[in-house]
There are 2 protein chains.
Amino acid sequence: MKLSSLADYAIVLMGAAARHCGGVRVSAAMLAAETGVPVPTAQKIVSLLTRAGLLRATRGTGGGIQLARPAAAISLADIVEAIEGPIAMAACVDVGRTEGSAQCALEGSCKVQPHWGAVNGAIKSALGQVSLASLSRDHNTTGAAA
Amino acid sequence: MKLSSLADYAIVLMGAAARHCGGVRVSAAMLAAETGVPVPTAQKIVSLLTRAGLLRATRGTGGGIQLARPAAAISLADIVEAIEGPIAMAACVDVGRTEGSAQCALEGSCKVQPHWGAVNGAIKSALGQVSLASLSRDHNTTGAAA
DNA sequence: CCTCAATCGGATCAAATCGTTCCGATTGCG
DNA sequence: CGCAATCGGAACGATTTGATCCGATTGAGG
């Protein structure tokens, strides 16, 4: 029930990248120095993010990375899905479970499966509500909370 | 962003146990046979659940396990927390972070931390809405979805 | 009262995944 | 044309997770 450190770092990294969005292209190492994330790890995360289409990478001297989409159009769900893969917590909630990899071994008896869909949707919604733009703003107690 | 197999199995196991709640005490092996979960794994899960206070275990011949609380009073959040530990996805959202174990190394720069609280609360709420009693009912498309 | 059987409980071991690190390919500039 | 800086991918190690096994406890039966 906890997301991996990669995704956690990825969010911080993206938040830092959002601040340089309109500016010059920043390198992964520069972003790492800003956020405090280990340089090699930051590089890997940037690679993942770039492959997912969330970041735009420019190679060569003076190159760097920049947001491929506006900060308001990138949500935590996008980042998490880019790193952790599709958000499916029960393995039965996979988007395209066509061939089915052994499933739960008890497809019929599993009364929980239909409910997971709703829970999964709620979680994705919660993550989709928060965008990079929200992270830049001062934490004005976004949405009541608990 | 996906919960471990233990928690997944635990929910199925609890759902099966809920059906025998008012009946006789069932053994962990019997529950495992019903749900299809590997017997040793089911035993371990039952131990975890019992230690968490969600299940009541009776030793000796003819013993077994039973729900310690009514099915309606047990939610998915309880089960998940019993297996996976407290629901904190960023490691900064820990309930009692007094001494702090190295934190994120960038406490001040982390603009994400306050937002995680809201997201975490939303997820816990989503998991808290579904109870064991809900799992017993036919999946009447609980809550719109998507 | 003793023996036996069945059960939970914890400890152990292996596997998979995750996280970190390093090296190579590519590209722009001097 | 050479160099330097950057991303990209691959390899290694560590940690956590998952499955298995054996021992302690308890009840029933003889």
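Numbered from 1 within each chain, the chains take letters A, B, ... in sequence-line order.
Of the possible donor and acceptor atoms, one in the side chain of B:Ser47 sits under 3.5 Å from a partner among the backbone N and O of B:Gln43. Formation of a donor-acceptor pair under 3.5 Å by the B:Asp8 side chain with backbone atoms of B:Leu3 is not found in this model.
Two residues are said to be in side-chain contact when any heavy atoms from C-beta on lie closer than 4.5 Å; A:Lys2 and B:Met1 fail this criterion. In this structure, A:Gln129 and A:Ser125 have side chains that are in contact, with non-hydrogen atoms separated by less than 4.5 Å. Between A:Ile65 and A:Thr58, the closest side-chain pair of non-hydrogen atoms is not below 4.5 Å. Side-chain contact check for B:Thr41 versus B:Leu6: some heavy-atom pair is nearer than 4.5 Å.
Of the residues listed (B:Ile45, B:Val46, B:Leu132, B:Thr35), the one engaging B:Met14 in a side-chain contact (heavy atoms from CB on, under 4.5 Å) is B:Leu132, and it is the only one.
A:Ser131 pairs by the side-chain hydrogen bond (donor to acceptor under 3.5 Å, both in side chains) definition with A:Ser134, not counting sequence neighbours. With sequence neighbours excluded, the residues that form a side chain to side chain contact (heavy atoms under 4.5 Å, CB included) with B:Gln66 are B:Arg25, B:Arg56.
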Exercise. Tell me, for nucleotides 12-19 of chain C in 5' to 3' order, what letter each nucleotide earns: B for a base near a protein heavy atom under 4.0 Å, S for only sugar-phosphate near one, - for neither?
Worked result: ------SS

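A nucleotide of DNA chain D counts as in contact with chain A when one of its atoms lies under 4.0 Å from a heavy atom; the first and last such, 5' to 3', are D:dA4 to D:dG9.
In terms of position on DNA chain C, the residue among B:Pro40 and A:Thr61 whose nearest nucleotide sits closer to the 5' end is B:Pro40.
Contacts of B:Ala29 with the nucleic acid, taken as non-hydrogen atoms under 4.0 Å apart, are absent.
Remark: B:Thr50, B:Arg51, B:Ala57, B:Arg59, B:Gly60 in residues 48-60 of chain B come within less than 4.0 Å of DNA chain C through at least one heavy atom.
Rounding to whole angstrom units, CZ of residue A:Arg25 and C1' of C:dT27 are separated by 12 Å.
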For a quick test of your reading: what N or O donor-acceptor pairs under 3.5 Å do the side chains of residues 76-83 of chain B make, sequence neighbours left out?
unit_1	atom_1	unit_2	atom_2	d
B:Asp78	OD2	B:Ser75	N	3.1
B:Asp78	OD2	B:Ser75	OG	3.2

